[in-house]
Every structure is written in C-alpha cells, then in structure tokens.
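Read the structure below first, then the notes.
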Amino acid sequence: MTELLNALNLAGTCAFAISGATIAVQNRLDIFGVMVLAFITAVAGGVIRDLIIGAIPPAAFQSWHVLALTVAAALLTFCATRLVIRLQNVVQLFDAAGLGFFAVDGTQRALIHGIEPVMAGTLGLLTGIGGGILRDVLSGNKPLVLSSGFYASAAIAAITLVLVARALHLSGGEGVAIAAVALCFCLRVLAIYGHWNLPSAPIGTRQ
Amino acid sequence: MTELLNALNLAGTCAFAISGATIAVQNRLDIFGVMVLAFITAVAGGVIRDLIIGAIPPAAFQSWHVLALTVAAALLTFCATRLVIRLQNVVQLFDAAGLGFFAVDGTQRALIHGIEPVMAGTLGLLTGIGGGILRDVLSGNKPLVLSSGFYASAAIAAITLVLVARALHLSGGEGVAIAAVALCFCLRVLAIYGHWNLPSAPIGTRQ
Amino acid sequence: MTELLNALNLAGTCAFAISGATIAVQNRLDIFGVMVLAFITAVAGGVIRDLIIGAIPPAAFQSWHVLALTVAAALLTFCATRLVIRLQNVVQLFDAAGLGFFAVDGTQRALIHGIEPVMAGTLGLLTGIGGGILRDVLSGNKPLVLSSGFYASAAIAAITLVLVARALHLSGGEGVAIAAVALCFCLRVLAIYGHWNLPSAPIGTRQ
C-alpha cells in the first residue's frame with residue numbers, strides 16, 4: 001500500500017507540473033518561466049502547509065528529487081506541447097489522483113504536527129489547491145479553482161472521509177487514505193465528464 | 001476592556017470576511033471561491049505576521065472558530081448580496097474598527113516576540129492590510145490599498161500611537177490599545193466621508 | 001572583501017527598491033503604494049528564503065535599516081521620477097550587481113542552514129528573483145523575469161560557480177562569492193546590451 005501511495009505522489013507531482021508548464025507555454029512564458037511555473041504548481045501548496053505547521057525545511061526542499069521531476073516535466077511540455085495538450089485527458093486523470101493524494105497526505109501531516117482536525121483538513125485542501133492558485137496568479141489569470149468546476153469539492157470529500165474515519169477510531173490509516181483518494185478521483189472524473197459546477201451568485205447582484 | 005478588544009476582533013474579522021466575499025461575488029467566483037476569499041481576507045495578514053515572528057502554528061490555525069465565522073459571513077454575503085451591499089456603510093464602520101484592532105494587536109504580538117519597534121509596527125500594518133492585498137490579487141484586481149484612499153495611513157497613525165506610548169513607558173497597555181483603535185477608526189470615518197487620498201506622482205511621469 | 005560584499009548588498013537593495021518604486025509610479029500607485037512596492041521588491045525574496053530555511057525572524061525584520069533605505073529610495077523615485085527614469089542605465093548596473101549578490105548570499109545562507117546544495121541554489125535564485133516577481137504581481141503585470149530577458153540565467157550561472165567551487169573544496173569563500181557576483185554582473189550587462197532572450201515555445205502551440 002505504501003508503494004501505491006508513493007505512485008500516487010509521483011503521478012500527482014508530474015500532473016501538477018505539467019499543468020503548470022502547459023499554462024506557462026500558453027501564456028508565452030520563456031523556458032525558464034515554464035520550469036518555474038511547473039515547480040511552483042507542484043510544490044507551493046505543500047510548502048505553505050509546511051511553513052504553517054512548522055515542518056522546516058519544507059519537504060520539497062529536503063532533496064532535489066521533486067525539483068528534478070518538475071523540471072523534466074517542464075522540458076517535456078516545452079518541447080512537445082502539442083503532444084501534451086493532445087494527452088490532456090490522461091494528464092487530467094493523473095491530476096485527479098494527485099489532487100486526492102495531496103489533500104489526504106496534507107491533512108495527515110497537519111494532524112501529525114498537532115493541528116486540530118478541521119484546520120488540518122483546511123491545510124490538506126491548501127496542499128491540494130494552493131499550487132494551482134499560485135500558477136494562475138503568476139500567469140496573469142484568475143484562479144480557476146475559485147470560479148468554476150468541481151475541483152476543491154472533490155478534495156473536500158476525500159478530506160471529510162479521512163476526518164470521519166479518524167473520529168470513529170477506524171484502524172488502517174493507509175486503507176482509509178487510499179479509499180479517500182479513490183473517492184476524490186471518482187468525483188473528479190464524474191465532474192469532468194458531467195461538467196459539474198458550483199453555483200455563483202446571480203449576475204444581477206453585480207454592481 | 002479585554003471584552004471590548006475581543007468585540008473589536010470579532011467585528012473586524014466579520015467585516016474583513018464580508019469584504020472578501022463581496023468582492024468574490026462581484027468577480028463571479030463560485031460559492032467555494034467566495035468562502036476562500038472571505039477566509040483569506042480575514043486571516044492572511046495575521047498568518048504571514050505569525051510566520052515571520054515564529055508563532056507556529058499561526059493563531060488562525062489553532063482553532064476552527066475563525067474559519068467558521070468567515071464561512072458564515074461568506075454564506076450570508078452569497079445568499080444576500082444585495083442586502084450586504086446595501087449595508088456597506090455599516091460594514092465599512094466594522095472594517096475601520098477591525099483595521100485598527102488588527103494593526104494594534106499585530107504590533108503588540110510582534111513586540112512580544114522580540115521584534116524591534118519599527119519592524120513590529122511594520123508587521124502590525126501587514127496584519128491590517130495583508131488580507132486585503134491578497135483578496136485583490138486573487139480576484140484579479142490591483143490592490144486598492146496601494147493606489148487610493150486613506151486606509152493604511154489610518155492604521156499607521158494607530159501604530160505610531162502605540163509605539164510612542166511604549167517609548168514613553170506609559171502604563172495601561174489596554175487603554176493605549178483602545179485609544180489607538182479609536183484614532184484609526186475616527187481617521188477612517190473622516191477619510192471615507194471626506195474622500196481623502198494620498199498623492200500619486202504626476203501623470204506626466206508615466207512613460 | 002567583506003566591505004565589498006556589504007557595498008554590493010547596499011547597491012542591490014537600493015536598485016531593487018528603485019525598480020519597485022518606478023513600476024509603482026508607472027502603475028499610478030499612491031505614495032504609500034510606492035513605498036510598499038519598494039520594500040517588497042527589495043526584501044520579499046530573502047524573507048521567503050528565511051521562512052523556508054527557518055531563519056526566524058527574517059533578516060529584513062531584525063532591524064529597521066533596510067526599511068529606512070527602501071523608503072528613502074521610494075521617496076526619491078516618487079519626487080524625482082523623471083530623473084530616476086533618465087538614470088535607469090545606472091540603476092540597471094546596480095541591479096545587476098545586486099542580483100548577483102542576493103543569489104550568491106542566499107545560496108550561502110541556505111547551505112549554512114543545512115539545505116542540500118541544489119535546493120540551496122534554488123533558494124539563492126528565489127532570493128534574487130522573488131522580490132521582482134511579487135513586484136509585478138502586485139502592480140498587475142505578468143512577472144517579467146518569467147517571460148523575457150536573460151535575468152534569472154545570469155543568477156543561475158553565479159550560483160553554479162558557487163556550488164562547483166564548494167564541491168571542489170576550493171578555499172576562500174569570499175573570493176569565490178565575489179567572482180560569482182562578477183560573473184552574474186558581466187552576463188547581465190552583456191544580456192542587456194545584446195537583448196538576449198531565452199526561447200519560448202513556438203506560437204503555433206498556443207490554443
């Protein structure tokens with residue numbers, strides 16, 4: 001099971017990096033900007049979480065492995081943008097799995113550092129969506145996750161499952177984690193194919 | 001007096017959350033985005049201050065109370081946007097009180113953590129205006145506080161009062177704090193009704 | 001040699017502050033916004049680095065000197081914008097020296113705090129370019145360093161020299177540091193006069 005979780009981590013990191021690099025290419029950043037956006041999209045959520053819970057230095061800065069992985073993903077996206085865009089359905093699947101993993105893993109790390117459950121879940125959510133928000137701000141776009149789609153909600157469902165299982169003293173942390181990631185993954189896939197959206201306030205309220 | 005300070009904290013948190021939620025609604029974010037912007041506007045300044053002074057975990061992550069309060073303010077704003085906008089004069093009064101409280105409280109927390117006075121005041125100012133800056137960046141606008149109005153200046157006046165009283169070894173920390181908040185509040189109210197602005201450099205300098 | 005490094009630190013801080021203040025004036029921020037942008041451009045990279053390596057409080061908050069220097073640079077730019085813009089060639093030279101200093105100094109501070117070399121270099125790069133990225137985001141522009149020019153690359157060359165010298169156990173830390181800053185400086189000057197750019201992905205890939 002630990003191997004499955006490691007694979008999810010890897011898949012998520014690559015998918016997040018590719019999403020950052022793709023948006024960088026589409027916004028005409030140069031090759032350095034593409035690498036920066038890939039790295040930031042993949043690690044920013046976790047880095048901010050680690051700063052808040054006091055895990056210093058943040059995991060992403062403890063070895064060069066994540067940096068190397070994201071730079072490789074950036075170079076691939078830069079050199080073969082058409083291919084990456086054609087494969088975006090696959091990337092979205094990896095992204096859905098990664099979102100679930102980051103949200104669940106972030107929640108568990110916050111709990112280990114003594115954060116109370118609701119705020120630990122909030123930090124798990126930040127781990128999942130923080131990188132994407134920064135990616136959009138740095139490329140001059142409004143954060144996608146705040147305005148459309150059913151993205152954060154899938155992560156919230158997974159986090160809720162983790163916290164409920166913990167409150168019920170269910171044993172088998174890794175089993176619960178994998179079930180939660182699977183829940184997030186399925187909700188994301190349904191949401192993508194069903195074009196789910198959360199409501200916005202009616203337009204008439206705009207001044 | 002402690003109760004008065006607690007009330008100011010509460011009023012400020014609600015006002016900041018409502019201002020974040022209102023701008024989120026006006027910029028067509030979905031209901032999740034409205035909640036995120038409400039929370040970030042209310043807590044981001046204090047979280048960054050706590051990271052800088054080493055108060056880990058930041059106050060906003062030590063319990064779920066602030067999160068719950070900001071989510072409630074966000075839902076109210078989402079469901080009754082017209083009402084909230086009609087009441088914006090009241091919200092601005094709460095906001096003025098909250099600005100003063102956050103600036104003074106932020107300065108005092110930084111002093112307690114051993115930051116020297118001028119930089120403690122800078123961190124108090126960051127506590128007061130950091131959330132609003134992040135609110136504007138995340139909703140795709142230029143930070144209002146950096147370009148118009150007399151907002152940060154009211155907070156700076158309150159902070160200066162706190163630091164001068166401290167340099168003069170005046171006793172009665174809570175009395176000074178409340179006087180400083182009142183100063184900020186009065187300046188803000190005058191500034192709103194008088195449309196005060198700080199100068200910009202003359203347009204001719206623009207290239 | 002220590003005095004030369006101190007002078008580079010001073011020159012870089014002033015140049016970064018002036019670049020922040022200039023962009024603030026050009027984007028019609030008020031005088032408070034000009035001071036904020038000057039301070040943030042000069043210190044944000046180092047502050048984020050210090051949070052990540054656990055140097056609390058960050059260097060910029062340990063005394064009021066850097067704040068005073070950046071506020072003075074902001075006031076100068078605000079009152080004499082035409083003069084500052086006319087002198088922008090000189091400011092760019094100071095900026096090139098400062099970029100090298102911040103990148104090298106940031107790398108060495110990260111190494112001292114036990115960060116492994118590649119990520120220490122990444123933090124050195126963040127020290128050099130983080131402030132400029134935040135300056136652009138806060139003034140409503142896309143980060144310049146991610147999309148054009150040969151700016152980060154000059155810093156990366158200097159950082160690489162520091163890390164290679166360290167791997168070869170070359171003695172004389174300050175001599176290596178000054179050689180690295182000089183390398184960054186020369187590359188930047190060549191890049192400015194030669195209009196060097198990194199490649200972007202071909203336009204056809206844009207959707």
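Predicted model, so just to flag it, every value in this text is computed and none were measured. A note on names: the letters A, B, ... follow the listed sequences, proteins ahead of strands, and every chain is numbered from 1. Side-chain atoms are counted along with the backbone in the values below, which use heavy atoms only and exclude waters and symmetry mates.
- Of the inter-residue distances, the one linking B:Leu146 atom CG with C:Met35 atom CE reads 11.0 Å to the nearest 0.5 angstrom.
- For C:Leu67 against B:Thr122, the heavy-atom pair with the smallest separation is CD2-OG1, 3.4 Å.
- Proximity to chain C is limited to the side chain of B:Ile115, based on heavy atoms less than 4.5 angstrom apart.
- Heavy-atom distances place no part of C:Ala24 under 4.5 Å from chain B, backbone and side chain included.
- For C:Thr22, no part lies under 4.5 angstrom from a heavy atom of chain B.
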Derivation of the side-chain contact (heavy atoms from CB on, under 4.5 Å) call for C:Phe61 and B:Val118 = CA-CA 9 Å; C:Phe61 287 90; B:Val118 173; over 6 Å; no
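- Remark: C:Leu29 CG to B:Lys142 NZ distance equals 6.5 Å, nearest 0.5 Å.
- The shortest distance between side-chain heavy atoms of C:Leu138 and B:Ile133 falls below 4.5 Å.
- Across every non-hydrogen atom of B:Met119 and C:Phe39, the tightest pair is CE-CZ, 4.0 Å.
- Residue C:Thr77: no heavy atom, backbone or side chain, is found under 4.5 Å from chain B.
- The greatest number of non-hydrogen atom pairs below 4.5 Å with chain C, out of B:Ala120, B:Gly149, B:Pro199, is found for B:Pro199.
- Within the model, atoms NE2 of C:His65 and CD of B:Glu116 stand 8.0 Å from one another, a figure rounded to the nearest 0.5 Å.
- Between B:Phe150 atom CZ and C:Asp30 atom CG the span is 10.5 Å, to the nearest 0.5 Å.
- Between atom CG of residue C:Asn27 and atom OG of residue B:Ser200 there is a gap of 11.5 Å, rounded to the nearest 0.5 Å.
- When each of B:Ser153, B:Gly54, B:Ala152 is scored by its heavy-atom pairs under 4.5 Å with chain C, the top score falls to B:Ala152.
- Here B:Ile52 contributes atom CD1 and C:Ile48 contributes atom CD1; the two are 9.5 Å apart, rounded to the nearest 0.5 Å.
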